[in-house]
Novice: 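The structure's right below; bear with me while I get my questions together.
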Amino acid sequence: MKATLTKKSLNDLKLDLDNPRFAELYSGSENEDELVEYLLYNESAEDIAKGINSSGEYYQDRPLWVIENNGHYLVKDGNRRCAAVKALNHPEKYGMNLPKHFFTELPVLIYKNEVDINARILQE
């Protein structure tokens, strides 16, 4: 198998500033908080946050697809879901009128090879 299913700390998950699904439209800085805010209000991550809030849990059947990068895990697929969870940990910081949820880790599929993860994303 080209990927390993596990859980990783939310603090170790980094959003992908170069994600082709939104990178052309995102003109903010490399500050992750700004990217979270952009995804919330421009890429429907707020709707995902509301769904997670309603269910009271993260979608265990929807792991983030990541690749290890300098001791952190770069989210290659699932940036909006990851941003929603990061925002739910600090909703006031992002101007969200939702209760705080405390997530410490999320399910991830760790890919070892960028070619493999990119090929898999293209299949979606």
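Just so it is clear, the values below take in all heavy atoms, side chains as well, and ignore hydrogens, waters and symmetry mates.
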Novice: Mind checking the CD1-CG spacing from I117 to D77? Nearest 0.5 Å is all I need.
Specialist: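 Between atom CD1 of I117 and atom CG of D77 there are 7.5 Å.
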Novice: Counting distance only, does the side-chain N/O of R120 pair as donor-acceptor with the main-chain N or O of W65 below 3.5 Å?
Specialist: no
Novice: Could you report the tightest heavy-atom contact between A49 and L88, atom names first, then the distance?
Specialist: O-CD1, 3.6 Å
Novice: State plainly whether one hydrophobic cluster holds both I121 and L5, where clusters connect Ile, Leu, Val, Met, Phe, Trp and Tyr through side-chain heavy atoms under 4.5 angstrom apart.
Specialist: yes
Novice: I need the I48 CD1 to Y58 OH distance, nearest 0.5 Å.
Specialist: 8.5 Å
Novice: If you measure from NZ on K86 to CG on L13, what distance do you get to the nearest 0.5 Å?
Specialist: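 The CG atom of L13 is 6.0 Å from NZ of K86, to the nearest 0.5 Å.
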Novice: Within this structure, what is the CG-OH distance for the pair L64 and Y73, rounded to the nearest 0.5 Å?
Specialist: 13.0 Å
Novice: Could you work out, with side chain to side chain donor-acceptor pair (under 3.5 Å) as the rule, every residue matching K76, not counting sequence neighbours?
Specialist: D16, E114
Novice: Quick one: does any side-chain atom of N79 pair with a main-chain N or O of V75 as donor and acceptor, under 3.5 Å?
Specialist: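 Confirmed, N79 side chain pairs with V75 backbone.
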Novice: Starting at CG of D12, measure out to CG of L74 and round the result to the nearest 0.5 Å.
Specialist: 12.5 Å
Novice: Indicate the atoms forming the closest heavy-atom contact of I52 with F103, along with that distance.
Specialist: CG2-CZ, 3.6 Å
Novice: I need the minimum non-hydrogen distance between A83 and L39, along with the two atoms involved.
Specialist: CB-CD1, 3.7 Å
Novice: Does Y111 use its side chain to pair, donor to acceptor, with the backbone of V115 at less than 3.5 Å?
Specialist: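 Not a single qualifying donor-acceptor pair exists.
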Novice: Would you check if K7 and Q60 make a side-chain contact, meaning some heavy-atom pair closer than 4.5 Å?
Specialist: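 Yes, side chains in contact.
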Novice: Using only heavy-atom distances, determine whether the side chains of E46 and Y41 contain a donor-acceptor pair under 3.5 Å.
Specialist: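 Judged by distance alone, the side chains do not pair up.
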Novice: So which atom in R81 and which in P63 form the shortest heavy-atom distance, rounded to 0.1 Å?
Specialist: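 Closest heavy-atom pair between R81 and P63: NH1-O, 3.4 Å.
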Novice: Going from NZ on K112 to NZ on K2, what distance comes out if it is rounded to the nearest 0.5 angstrom?
Specialist: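 K112 atom NZ to K2 atom NZ measures 14.5 Å (nearest 0.5 Å).
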Novice: Pairs in or reaching into residues 92-106: which pass side chain to side chain donor-acceptor pair (under 3.5 Å), with residues at least two apart or in two chains?
Specialist: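 Side chain to side chain donor-acceptor pair (under 3.5 Å) check on residues 92-106 returns D33-K93, D33-Y94, N53-H101.
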Novice: Would the distance check show the side chain of K14 and the main-chain N or O of E32 forming a donor-acceptor pair, the cut-off being under 3.5 Å?
Specialist: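 No; zero donor-acceptor contacts below 3.5 Å.
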